[in-house]
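Throughout, protein chains are lettered first and strands after them, A, B, ... in sequence-line order, and every chain is numbered starting at 1. Keep in mind that this is a model prediction, so the values were computed, not measured.
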Amino acid sequence: MAESEKDTGKDPRTLLPKNEFERLTDLLGREPNYVEATIFSIMWSEHCSYKSSREVLKLLPTEAPNVVLGPGEDAGAVHFTTHEGKEWCLVVAHESHNHPSQILPVEGAATGIGGIVRDVYCMGARVIAVMDPLRFGDPRGEYAERSKFIIGGVVDGIWGYGNPIGVPNMGGSCYLHKGYDDNCLVNVVAVGICPSDELIHSRVPAVAYQVPYVFVLVGKATDDTGFGGASFASEILDEEEEFGAVQLHDPFLKRVLTVATYEVLKEARQRGIEVGFKDLGAGGIVCATSELGAKGGFGATIELDRVVCSMSDLPEEVIACSETQERYCWVVPQDFAPRVLEIYNEEFQLDSVYPGAGAVVIGRVSSEPVYEVTTREGTVCSVPIKAITEGISYTRERKGRAGQYPRPDINFNRITIEEIKAVLAHPDVCSRHKVFSHYDSTVQGCTILGAGQADAGVMAPLPGSPTAVAMASGGIPRYGLMDSWLAGAWAVWEAAANVAAVGARPQAVTDCLNYGNPEDAEVFDSFVSGVEGIAWACREVGLIEHEGAPLPIISGNVSFYNESAGGEAVPASPIVACLGTMEARRVLTPQLKQSGSRLILIGAREGKLGGSVIYQLLADTLGDAPPDLKKHNLGGLIGAIVSAAEEGLLLSAHDISEGGALACALEMAMGYDGSGRLGVKLKLPSQVDLTPKAFFFSEEPGFVVEVEERNLSKLSKKAQEFQVEMVEIGEVVSKPQFSLSLRDGESPLTIELDELAESWLSGLEGVLL
Amino acid sequence: MKPKVAVIQFPGSNCEEETLRAAIAGGMEGEIFRFSRPAEELATFDGYILPGGFAHQDRVRAGAVAAKEPIMDAVVAGAEKGKPVLGICNGAQVLIESGLVPGLEEGDVQMSLATNLMGDRLGFYHIFVHIAQSSSQGSNITNRLTPEGVVLPIPIAHAEGRFVTANQKVTTSIESGKLSCWRYADRGGTLEEEYPRNPNGSFMALAGLSNPKGNVVAMMPHPERVCWLWQVPLDLPGEWGERRRKATGDAEALDSEGPGMVIFRSFTEYLK
């Protein structure tokens with residue numbers, strides 16, 4: 001293999017750890033040059049190679065009868081519906097953009113959306129929604145000002161980018177905790193739809209053995225932004241030095257690029273031309289072209305001089321690896337390439353939309369499995385293509401950490417108005433309306449339930465089809481502080497329960513695993529436990545129409561090194577997003593619908609308050625034992641709710657989470673914007689053998705549903721059929737008032753709903769403008 | 001024969017597909033007219049809709065660059081001949097920047113759509129609001145089928161949607177009814193000058209405004225997003241919300257007309 005003929009004067013040894021440099025030397029049979037070492041330093045980063053996590057991720061269930069495409073490409077796909085004789089699938093990707101958002105919140109959050117929608121577009125799908133699961137530092141804590149700056153910036157980045165690209169934002173989640181003071185988490189999920197047989201793969205098609213294929217780079221002119229971004233994501237933050245590693249976004253160019261890309265896709269489909277397509281993210285041109293080549297079993301030759309750059313004199317390794325945003329790479333037959341160029345450059349005039357933007361052929365596919373990069377002056381990289389894409393793998397040490405969680409000394413036997421108000425105003429419980437109303441959740445005209453209107457966002461993305469898609473996320477920081485296994489299992493449960501609460505059948509999940517430094521044995525142990533928890537819960541929840549099949553994981557991402565320079569890891573933060581499908585006409589929301597109907601709690605109560613909001617509020621502790629998920633019938637709960645919803649037995653439904661059944665019932669009364677006008681009368685059921693606090697504030701898995709009296713017996717049969725417990729906890733009344741009765745003969749606690757809504761709506765006051 | 005409408009796609013438009021869908025459901029034929037097509041081809045269309053989005057990245061000001069393109073000269077020429085022109089959200093911004101609305105003097109920009117004023121809140125705002133038709137039926141292309149006082153629930157989604165003017169003639173023309181309009185109101189139809197019911201602090205609670213002839217209308221809310229009942233939020237208070245709740249479980253009822261459709265049907269009616 002040819003070595004670089006140009007001496008850059010830079011030492012390739014500085015780019016890789018010693019052991020990796022030696023390994024690369026062995027692989028190549030010679031020492032790498034500077035460009036090669038740069039490529040490997042990026043492609044062997046944690047972000048690109050999953051070197052610490054790859055073996056562990058094999059624990060996750062990824063196969064089920066409804067899976068169209070499992071993890072491994074830019075996005076996964078699951079069966080959606082059959083419409084007009086075509087099978088359609090849902091395409092989903094889930095990533096983090098944590099470090100960039102901590103440094104430059106607006107740009108970080110914006111490029112997070114930019115990257116994730118490219119992952120879905122490049123599968124040939126139309127992107128119909130994004131969601132942002134967010135975790136920020138404490139806006140009232142030690143670093144309040146910085147936290148608020150980050151929260152405001154991230155929300156601005158999300159709307160400033162998401163809204164211009166014309167993709168509705170279905171919400172996600174937002175938690176505030178001091179554990180994220182130095183390292184926020186900005187996860188982002190994108191969902192698309194595509195006919196299953198028209199999915200485009202990120203690989204060179206096999207026909208390239210017969211016909212010459214070329215690589216076409218499209219989008220923004222290459223610059224040095226985001227150079228080393230992948231390695232940046234794989235290091236602990238040192239804010240001063242990292243501005244240059246954050247990419248710059250351009251939603252406007254992205255919008256035009258997307259419309260033009262749809263045209264290319266349409267034409268390729270019409271003419272039956274096989275193509276490959278991939279977005280440019282971490283590792284830039286090298287990552288995209290080497291993966292396209294390697295996945296198809298081919299090699300590639302890239303001519304760097306053909307790449308249009310917006311800065312002069314960029315070093316070869318920067319052109320090859322920078323993460324300039326708003327770029328894609330096509331691999332198309334050589335004789336189709338001129339037409340592709342014409343669509344982007346002439347019909348959509350990319351260059352006039354953004355100076356230097358356009359489409360250009362940058363290289364060709366070769367049948368020899370070698371990855372070559374050339375310039376006018378010669379070859380600057382020539383390595384076995386699989387060496388780049390197969391990465392490396394480490395086995396990390398695990399060390400368990402036993403937490404001590406004593407039972408706090410609080411009064412379990414009474415509940416006060418002040419406590420209820422405090423729970424409603426708690427940042428984990430309060431209304432997120434202020435955040436979500438920055439997001440455009442109705443663009444595209446397909447939205448049934450937008451961000452924050454219900455437990456899940458719901459859309460009808462295929463005009464004329466009766467099938468809707470529901471989407472939601474899950475994950476609680478407090479459980480992450482106590483028990484990573486529980487955090488993982490809970491994230492799956494919560495995401496699936498949110499989807500079920502609108503009446504949809506959970507069909508697939510994605511996971512983004514946000515942890516600290518994997519080289520730390522305790523952190524790594526926590527990571528593995530989280531994955532085990534996710535895997536367990538996926539099997540427990542399962543698929544409604546395929547008995548015995550797990551709820552499959554079809555896409556995901558691992559984000560390590562989420563910690564401050566002080567060495568404190570963020571709370572274990574496995575975050576899960578779930579997609580469900582349903583008949584659009586059956587959509588449910590939490591808001592109460594009619595007075596006289598009954599409120600039923602579905603799900604067993606053991607009264608385990610560990611990790612609950614009430615413990616945190618009253619004793620500032622995580623407390624004693626958290627919910628024991630293994631004692632709950634997760635699959636049965638989901639099955640019962642969905643089945644009852646499908647038969648029209650429920651007027652409204654809401655999953656129990658932060659703040660327990662009490663907050664759940666109150667949220668149903670207040671409605672998503674606090675304007676609800678129906679009241680509730682709650683009563684501690686006489687057959688319950690728990691203290692009032694344990695019963696009403698337990699955050700164990702369950703739902704509160706609103707049911708007409710005439711449907712109670714049918715619902716009861718459902719509960720039996722699915723082997724879940726149900727108990728009546730109150731009724732809906734016409735007066736907008738809340739009352740709570742704990743014991744017979746004792747006068748109930750009573751308060752106006754508006755007063756409670758005031759607390760609930762005020763939770764983020766002063767946090768976000 | 002159905003009238004033929006062009007939904008104009010500027011670089012950065014992002015509501016063209018659902019707008020076209022609504023126009024077709026409202027009784028028109030139509031197509032998306034891409035910015036790179038020769039502007040003179042617009043003459044073959046009976047009317048124009050400028051959809052929402054961020055045309056030319058809202059550089060300078062929202063709508064400012066798009067308003068100066070050859071394609072807009074063709075729209076202005078059509079408008080002068082009485083062809084209907086509806087600008088929605090970013091499309092409204094383009095119409096204001098081109099001077100077509102309020103259009104009291106030809107080519108003169110007499111208004112602006114400024115940054116929302118929302119109490120202590122900043123930035124983009126997406127929410128369902130109510131708008132009331134506060135002009136007589138038939139006074140513009142969007143209100144030919146609805147009586148004065150009708151109230152429609154409708155989403156807004158913008159950061160710069162506050163109608164402002166320093167021109168006294170504009171104010172008096174609105175007051176005298178020379179320019180017809182849609183205004184933010186409560187769901188009973190009472191006009192709301194104050195935030196939050198007037199969600200962006202718009203002058204005279206304006207949500208939409210026409211030119212004197214009534215054939216050009218700039219409106220900030222998005223009627224194309226509520227053309228079917230299933231697009232109305234399930235928990236929306238009021239009559240439309242009630243209709244939506246009653247339709248739960250009934251696919252046919254959910255596919256019936258939503259509050260925004262009447263705007264597109266009115267546009268079609270104008271062309272009959």
(request) Sort B:Pro155 into side chain, backbone, both or neither according to what part of it lies under 4.5 angstrom from a heavy atom of chain A. (result) side chain
(message) Counting only non-hydrogen atoms closer than 4.5 Å, does A:Leu768 touch chain B with its backbone (N, CA, C, O), its side chain (CB onward), both, or neither?
(response) neither
(request) Go through the atoms of A:Thr447 and report whether side chain, backbone, both or neither lie under 4.5 Å from a heavy atom of chain B. (result) backbone
(request) Please look at B:Leu122 and chain A and tell me whether the side chain, the backbone, both or neither of the residue comes under 4.5 angstrom of a heavy atom of that chain. (result) both
(message) Counting only non-hydrogen atoms closer than 4.5 Å, does A:Val259 touch chain B with its backbone (N, CA, C, O), its side chain (CB onward), both, or neither?
(response) side chain
(request) Indicate whether the side chain of A:Ser437 and that of B:Arg121 have a donor and an acceptor atom separated by less than 3.5 Å. (result) yes
(message) Under 4.5 Å from any heavy atom of chain B, what part of A:Val256 do you find: side chain, backbone, both or neither?
(response) side chain
(message) For B:Phe33 and B:Phe45, take the angle between the two ring planes, folded into 0 to 90°, and tell me which bin it lands in: parallel under 30, tilted 30 to 60, perpendicular over 60.
(response) perpendicular
(request) Let me know if B:Gln231 has heavy atoms under 4.5 Å from chain A in its side chain, its backbone, both or neither. (result) both
(request) Using heavy atoms and a sub-4.5 Å threshold, report which of residues 451-460 of chain A line up against chain B, by residue number. (result) A:Gln453, A:Ala460
(message) One thing to verify: whether A:Lys254 and A:Glu326 come together as a salt bridge, which I'm taking to mean a side-chain N less than 4.0 angstrom from a carboxylate O.
(response) yes
(message) Given heavy-atom pairs under 4.5 angstrom as the criterion, report whether the side chain, backbone, both or neither of A:Glu263 touches chain B.
(response) side chain
(message) Quick check on A:Asn163 against chain B: is it the side chain, the backbone, both or neither that has a heavy atom closer than 4.5 Å?
(response) both
(message) With a 4.5 angstrom heavy-atom cut-off, is it the side chain or the backbone of B:Arg245 that approaches chain A, or both, or neither?
(response) side chain
(request) Could you tell me whether B:Asp235 and A:Lys593 make a salt bridge, using a distance below 4.0 angstrom between a side-chain N and a carboxylate O? (result) yes
(request) Please look at B:Ser13 and chain A and tell me whether the side chain, the backbone, both or neither of the residue comes under 4.5 angstrom of a heavy atom of that chain. (result) backbone
Can you give me every donor-acceptor pair (side chain of residues 112-120 of chain B, partner residue at least two apart or in another chain, under 3.5 Å) with its distance?
from: B:Asn116; atom 1: OD1; to: B:Gly161; atom 2: N; distance (Å): 3.0
from: B:Asn116; atom 1: ND2; to: B:His158; atom 2: O; distance (Å): 3.0

(request) Heavy-atom distances under 4.5 Å only: say whether A:Arg585 touches chain B with side chain, backbone, both or neither. (result) both
(request) Pick one of side chain, backbone, both or neither for A:Asp156, based on which atoms fall under 4.5 Å of a heavy atom in chain B. (result) neither
(message) Under 4.5 Å from any heavy atom of chain A, what part of B:Arg21 do you find: side chain, backbone, both or neither?
(response) side chain
(message) Looking at A:Arg432 and A:Glu667, is any side-chain nitrogen of the basic one under 4.0 Å from a carboxylate oxygen of the acidic one?
(response) no
(request) Identify which part of A:Phe436 has an atom lying under 4.5 Å from any heavy atom of chain B, answering side chain, backbone, both or neither. (result) neither
(message) What part of B:Phe128 gets within 4.5 angstrom of chain A, counting heavy atoms only: side chain, backbone, both, or neither?
(response) side chain
